[in-house]
Amino acid sequence: QVQLVESGGGLVQAGGSLRLSCAASGRTFSPYAMGWFRQALGREREFVAAMLWSGGITYYGDFVKGRFTISRDNAKNSVYLQMNSLKPEDTAVYYCAAKRYRGSYYNKYEYSYWGQGTQFTVSS
């Protein structure tokens with residue numbers, strides 16, 4: 001069984017930066033890809049970013065527009081989300097997820113494992 005634990009949430013001012021971390025544990029952790037999703041209050045969970053575990057190809061949601069960067073550390077079984085130029089509309093619970101197979105990186109239903117989420121709020 002794979003467990004994902006996010007960290008790094010909190011409160012940040014608009015225009016600021018924040019880095020989220022996700023640490024994975026499990027007997028054999030070898031996902032096809034890792035992703036970040038977010039869910040704001042009253043809204044659907046939406047795709048933020050994903051990265052192939054081998055090769056490092058990245059994918060981003062349209063709203064990211066160069067503000068966020070996903071990265072990984074294979075040796076630490078960790079994935080990160082560096083977020084810059086934050087806006088109040090970025091306020092949400094951010095979830096880390098692991099995908100076992102090739103497919104759509106944007107589809108949350110194709111991710112097998114999820115963390116508990118980490119909340120952060122961007123104040124205006």
Side-chain angles (χ1 to χ4, degrees):
Q1 185 69 12
V2 172
Q3 290 187 322
L4 304 176
V5 179
E6 302 96 336
S7 61
L11 177 66
V12 63
Q13 288 189 330
S17 298
L18 197 68
R19 187 192 194 215
L20 303 181
S21 300
C22 173
S25 61
R27 281 177 54 185
T28 55
F29 181 71
S30 183
Y32 184 73
M34 296 292 295
W36 286 97
F37 288 77
R38 71 182 188 182
Q39 188 166 16
L41 191 63
R43 300 189 65 177
E44 293 280 331
R45 190 170 300 189
E46 66 175 341
F47 172 76
V48 176
M51 171 177 264
L52 297 189
W53 199 243
S54 176
I57 297 173
T58 58
Y59 305 86
Y60 293 96
D62 290 340
F63 67 88
V64 169
K65 298 187 187 302
R67 299 184 299 128
F68 297 178
T69 302
I70 187 172
S71 61
R72 76 195 190 289
D73 185 332
N74 295 51
K76 295 182 178 179
N77 283 347
S78 293
V79 65
Y80 309 97
L81 186 67
Q82 176 67 42
M83 301 178 289
N84 300 323
S85 302
L86 285 165
K87 305 174 184 179
E89 51 263 44
D90 293 317
T91 296
V93 177
Y94 281 68
Y95 296 90
C96 171
K99 181 176 172 57
R100 291 191 294 176
Y101 308 111
R102 187 188 300 250
S104 169
Y105 305 101
Y106 308 92
N107 187 348
K108 57 183 177 287
Y109 299 109
E110 294 197 17
Y111 286 77
S112 304
Y113 305 104
W114 291 85
Q116 82 288 351
T118 185
Q119 164 80 49
F120 81 84
T121 300
V122 183
S123 63
S124 57

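The analysis underlying the following values was restricted to heavy atoms, covering all of them including side chains, and did not include hydrogens, waters or symmetry mates. For reference, positions follow the sequence shown, starting with 1.
- Residue pairs meeting the salt bridge (charged side-chain N to carboxylate O under 4.0 Å, His left out) criterion with at least one member in residues 112-124: none, sequence neighbours excluded.
- Residue pairs satisfying the salt bridge (charged side-chain N to carboxylate O under 4.0 Å, His left out) criterion with at least one member in residues 51-76, sequence neighbours excluded, are listed as follows: Arg67-Asp90.
- Counting side-chain heavy-atom gaps under 4.5 Å among Ile, Leu, Val, Met, Phe, Trp and Tyr, Leu11 is found in no cluster with other residues.
- Put simply, the residue from Arg45, Glu44, Glu46 that forms a side chain to side chain donor-acceptor pair (under 3.5 Å) with Gln39 is Arg45.
- From Ile70, atom CD1 reaches atom SG of Cys96 across 8.0 Å, with rounding to the nearest 0.5 Å.
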Full working for side chain to side chain contact (heavy atoms under 4.5 Å, CB included) between Lys99 and Trp53:
CA-CA 10 Å; Lys99 181 176 172 57; Trp53 199 243; over 6 Å; no

Pair up each side-chain donor or acceptor in residues 12-23 with any protein partner under 3.5 Å, not counting sequence neighbours, and list the distances.
unit_1	atom_1	unit_2	atom_2	d
Ser17	OG	Asn84	OD1	2.9

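- In this structure, Ser78 OG and Leu4 CG are separated by 10.0 Å, a value rounded to the nearest 0.5 Å.
- Grouped with Leu52 in one hydrophobic cluster are Tyr32, Phe37, Phe47, Ile57, Tyr59, Val93, Tyr95, Tyr105, Tyr106, Tyr111, Trp114, the linkage being side-chain heavy-atom contacts under 4.5 Å among Ile, Leu, Val, Met, Phe, Trp and Tyr residues.
- Within 6.0 Å of the CD atom in Gln3, the count of heavy atoms belonging to other residues, nucleotides or ligands does not exceed 12.
- Side-chain N or O atoms of Gln1 include none that pairs as donor or acceptor with a backbone N or O of Gly26 at under 3.5 Å.
- Ring pair Phe68/Tyr60: centre-to-centre distance not below 6.0 Å.
- To the nearest 0.5 Å, atoms CE (Met51) and CG (Leu81) are separated by 10.5 Å.
- Note that the CZ atom of Arg38 and the CD atom of Glu89 stand 8.0 Å from one another [nearest 0.5 Å].
- Rounded to the nearest 0.5 angstrom, Met34 CE and Tyr80 OH are separated by 11.0 Å.
- If you chain together ILVMFWY residues whose side-chain heavy atoms come under 4.5 Å of each other, Val5 ends up in a group of its own.
- Of the inter-residue distances, the one linking Met83 atom CE with Tyr94 atom OH reads 5.5 Å to the nearest 0.5 angstrom.
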